[in-house]
Asks: 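Following this message is one structure expressed as structure tokens.
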Amino acid sequence: MKGGLWQLGQSITRRLANGDKKAVARRYFATEAELKKTALYDFHVANGGKMVPFAGWSMPIQYKDSIMDSTLNCRENGSLFDVSHMCGLSLKGKDSVSFLEKLVIADVAGLAPGTGSLTVFTNEKGGAIDDSVITKVTDHHIYLVVNAGCRDKDLAHIEEHMKSFKAKGGDVSWHIHDERSLLALQGPLAAPILQHLTKEDLSKLYFGEFRVLDINGSQCFLTRTGYTGEDGFEISVPSENALDLAKAILEKSEGKIRLTGLGARDSLRLEAGLCLYGNDMEQHITPIEAGLTWAIGKRRRAEGGFLGAEFILKQLEEGPKIRRVGFFSSGPPPRSHSEIQDEGGNNIGEVTSGGFSPSLKKNIAMGYVKSGLHKAGTKVKIIIRGKANEGVVTKMPFVPTKYYKP
């Protein structure tokens, strides 16, 4: 689904408010029987979740509160997201690190056990197949999570390269964690509330770090990370324990942490300046163009050794022709594919994500412009429904991040 979880949520809200429930059902729920459901599906419905098709799953776009209120509550208190549609997998074997390094830009070997990083799977031309958070659990075990919409192509890509790697004597195997669910607990109350449910001292677990530990009586994979810009955690929990864990988190917060849907998740990640694959990153966009140069390890820049390395290292040296930037703008909120022009009316790029920021109370967007026009303060025009609206390039994140770091 491109461009518009936030817009989709607003559309559904308006239609439901106007009593047009049959139209919503026809448009968004028609394929309900074919969609996969998470372990929390009935819980979402019971709590007023408005379910929509997303990447082959039936997922909550929002609950009884508005996307605006839900976004603000995450920043002020906290949010609990069901992100079980995403695909967690483990690579194991003494060569799992060297295998993964053939496919991603990260310096996996350089990660300390129990730490992780955002990375990008690249193709032969240096374009992004997907972005992923990877964790080196041990020197012989990598845990990673890939996007739901990219699951099939990612797994096919990994499997194809694994077969040839193993045929040459490489020791690597994989397990796809379909037996587990994934919950994201985000916001200022995330750590104090989760601390009630585990004996481990969470104050010693920093952003990007990973532990296997007991939470609410079940063995979980806990990563201090998220997709909102707030402090928080992603919790991989056995699916049979997911409902109990979700209920325990909500009960311990006494109503301050709320179930939150994909609509607010989209506005939160946009405010944090984070990419949505399929919008802000695609097969033809390189990590350099996407502003993810920092994710290419120093050793990898020197040695290469990943798919498309020659293209990416050349861009590192010469600079990319386009760059991902942020914008503030006037008029209606920019949307995916809105044209960006310079002050002279010349096309210089395109918006990839945009909307009204609940936290800042103004329009924000990100997109790609020609290099040289990417500096903060550059004035642009954003074309919406044929009309030019004033805009200005700005640094991201739009809302300061609050990651828990030492």
Asks: Quick check: closest heavy atoms across Arg269 and Cys275, and the distance to 0.1 Å?
Replies: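 So the minimum-distance heavy-atom pair works out to NH1-C, 3.9 Å.
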Asks: Which residue pairs satisfy the ring-ring contact (aromatic ring centres under 6.0 Å, His included) criterion with at least one member in residues 386-406, sequence neighbours excluded?
Replies: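 As it turns out, the ring-ring contact (aromatic ring centres under 6.0 Å, His included) pairs with a partner in residues 386-406, which skip direct neighbours, are Tyr206-Tyr404, Phe207-Tyr403, Phe328-Phe398.
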Asks: Is the closest side-chain heavy-atom distance between Lys92 and His140 below 4.5 Å?
Replies: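 Sidechains of His140 and Lys92: no contact.
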Asks: Ignoring hydrogens and geometry, is there a side-chain-to-backbone donor-acceptor pair from Ser371 to Pro320 under 3.5 Å?
Replies: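 Yes; at least one donor-acceptor contact below 3.5 Å.
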Asks: Would you say Asp154 and Cys87 make side-chain contact, with heavy atoms under 4.5 Å?
Replies: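 SC-SC contact between Asp154 and Cys87 ruled out.
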Asks: Keeping the roles fixed (side chain from Asp95, backbone from Phe99), state whether a donor-acceptor pair exists under 3.5 Å.
Replies: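 No: the side chain of Asp95 does not pair with the backbone of Phe99.
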Asks: So, does Tyr227 use its side chain to make a donor-acceptor pair with the main chain of Asp266 at under 3.5 Å?
Replies: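 Side chain of Tyr227 to backbone of Asp266, a donor-acceptor pair under 3.5 Å: no, none is there.
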Asks: I'd like to check Asp139 versus Val97 (side-chain heavy atoms, cut-off strictly below 4.5 Å). Are they in contact?
Replies: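 No; the side chains remain at least 4.5 Å from each other.
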Asks: Suppose the criterion is side chain to side chain donor-acceptor pair (under 3.5 Å): which pairs have a residue in residues 193-202, not counting sequence neighbours?
Replies: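 For residues 193-202, and leaving out neighbouring residues, the side chain to side chain donor-acceptor pair (under 3.5 Å) pairs sorted by first residue read Asp201-Ser203.
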Asks: Under 4.5 Å between any side-chain heavy atoms of Phe43 and Leu259, yes or no?
Replies: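 Yes. Closest side-chain heavy atoms under 4.5 Å.
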Asks: Are Gln62 and Ser70 side-chain neighbours, meaning at least one heavy-atom pair lies under 4.5 Å?
Replies: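 No. Closest side-chain heavy atoms not under 4.5 Å.
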Asks: Would you say Arg299's side chain and Asp107's backbone share a donor-acceptor pair under 3.5 angstrom?
Replies: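 Side chain of Arg299 to backbone of Asp107: no pair is present.
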Asks: Please tell me whether Ser353 and Asp280 have a donor and an acceptor in their side chains that are separated by less than 3.5 angstrom.
Replies: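 Short answer, yes.
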Asks: Kindly write out the residues that satisfy ring pair (Phe, Tyr, Trp, His ring centres under 6.0 Å) with His374, not counting sequence neighbours, or none if the list is empty.
Replies: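 Per chain and number, His374 pairs via ring pair (Phe, Tyr, Trp, His ring centres under 6.0 Å) with no residue.
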Asks: Do any N or O atoms from the side chain of Thr228 and from the backbone of Glu230 form a donor-acceptor pair under 3.5 angstrom?
Replies: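 Pair found, side chain donor or acceptor close to backbone of Glu230.
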Asks: Quick one: does Asn363's side chain have a donor or acceptor within less than 3.5 Å of a partner on Gly354's backbone?
Replies: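 Between the backbone of Gly354 and the side chain of Asn363 there is no qualifying donor-acceptor contact (under 3.5 Å).
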Asks: Answer yes or no: is there a donor N or O on one side and an acceptor on the other, between the side chain of Lys381 and the main chain of Ala388, under 3.5 Å?
Replies: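 Judged by distance alone, no pair lies under 3.5 Å.
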Asks: Is there a side-chain contact between His44 and Thr38, using heavy atoms and a 4.5 Å cut-off?
Replies: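 In contact.
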Asks: Taking distance alone, no hydrogens or angles, what donor-acceptor pairs closer than 3.5 Å link side-chain atoms of residues 232-245 to residues at least two apart or in another chain?
Replies:
| unit_1 | atom_1 | unit_2 | atom_2 | d |
| --- | --- | --- | --- | --- |
| Ser236 | OG | Arg180 | NE | 2.8 |
| Ser239 | OG | Glu179 | O | 3.2 |
| Ser239 | OG | Ser181 | N | 3.4 |
| Ser239 | OG | Ser181 | OG | 2.9 |

Asks: How far apart are the closest heavy atoms of His161 and Leu103, and which atoms are they?
Replies: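 For His161 and Leu103, the tightest heavy-atom pair comes out as CG-CD2, 3.7 Å.
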Asks: Could you tell me which non-hydrogen atom of Asp231 sits nearest to which non-hydrogen atom of Ala191, and how far apart they are?
Replies: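 In terms of heavy atoms, the two residues are closest at OD2-CB, 4.1 Å.
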Asks: With the threshold set at 4.0 Å, does a side-chain nitrogen-carboxylate oxygen contact exist between Lys36 and Asp178?
Replies: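 Salt bridge: no.
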Asks: Going by side chain to side chain donor-acceptor pair (under 3.5 Å), Arg258 matches just one of Asn77, Asp69, Asn47, Asp65. Which one?
Replies: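 Per the side chain to side chain donor-acceptor pair (under 3.5 Å) rule, the option paired with Arg258 is Asp65, out of Asn77, Asp69, Asn47, Asp65.
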Asks: Quick one: closest heavy-atom pair of Leu313 and Arg300, and the distance?
Replies: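 Minimum heavy-atom contact is CD2-O, 4.2 Å.
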Asks: Between atom CG of Leu213 and atom CG of Leu202, what is the distance when rounded to the nearest 0.5 Å?
Replies: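 Going from CG on Leu213 over to CG on Leu202, the span is 7.0 Å.
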Asks: Can Ser96 and His141 be counted as having a side-chain donor-acceptor contact under 3.5 angstrom?
Replies: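 Short answer, no.
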Asks: First locate atom CE of Met366, then atom CG of Leu276, and finally report the distance between them rounded to the nearest 0.5 Å.
Replies: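 CG of Leu276 is found 8.5 Å from CE of Met366.
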Asks: Hey, could you give me the CG/CZ distance between Leu185 and Arg224, rounded to the nearest 0.5 Å?
Replies: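 With rounding to 0.5 Å, CG (Leu185) is 10.0 Å from CZ (Arg224).
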Asks: Which pair of non-hydrogen atoms, one from Leu118 and one from Ala295, has the smallest distance, and what is that distance?
Replies: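 Looking at all heavy atoms of both residues, the shortest contact is O-CB, 3.9 Å.
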Asks: Heavy-atom distance under 4.5 Å between the side chains of Gln186 and Leu268, does that happen here?
Replies: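 SC-SC contact between Gln186 and Leu268 ruled out.
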Asks: Can you tell me if Lys102 uses its side chain to pair, donor with acceptor, with the backbone of Phe306 under 3.5 Å?
Replies: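 Here the side-chain-to-backbone pair does not exist.
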Asks: Given side chains that start at C-beta, do those of Ile285 and Tyr368 come closer than 4.5 Å, heavy atoms only?
Replies: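 Yes, their side chains come closer than 4.5 Å.
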Asks: In Å and rounded to the nearest 0.5 Å, what is the CE to CG distance from Met59 to Asp82?
Replies: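 Those atoms lie 4.5 Å apart.
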Asks: Looking only at atom types and distance, does a side-chain atom of Ser132 sit under 3.5 Å from a main-chain N or O of Val145, one as donor and one as acceptor?
Replies: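 Confirmed, Ser132 side chain pairs with Val145 backbone.
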Asks: Return the CD to NZ distance between Glu390 and Lys379, rounded to the nearest 0.5 Å.
Replies: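 Answer for the CD-NZ pair, Glu390 versus Lys379, is 7.5 Å.
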Asks: To the nearest 0.5 Å, what is the distance between CD1 (Ile257) and CG (Leu189)?
Replies: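 Those atoms lie 5.5 Å apart.
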Asks: Could you tell me if Arg324 and Thr352 have a donor-acceptor pair between their side chains, going purely by distance under 3.5 Å?
Replies: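 The answer is no; no qualifying pair exists.
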Asks: If you look only at pairs with a residue in residues 357-367, which of them pass as a salt bridge (Lys or Arg N to Asp or Glu O under 4.0 Å), with sequence neighbours excluded?
Replies: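 Salt bridge (Lys or Arg N to Asp or Glu O under 4.0 Å) check on residues 357-367 returns no pairs.
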Asks: What side chain to side chain donor-acceptor pair (under 3.5 Å) pairs are there with at least one residue in residues 112-129, not counting sequence neighbours?
Replies: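 As it turns out, the side chain to side chain donor-acceptor pair (under 3.5 Å) pairs with a partner in residues 112-129, which skip direct neighbours, are Asn123-Gln283.
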Asks: Applying side chain to side chain contact (heavy atoms under 4.5 Å, CB included), run through Leu194 and Leu222 and close with a yes or a no.
Replies: CA-CA 11 Å; Leu194 193 63; Leu222 184 69; 3.8 Å; yes
Asks: Do the side chains of Asp42 and Lys37 get close enough for a salt bridge, i.e. N-O under 4.0 angstrom?
Replies: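 No, this pair does not count.
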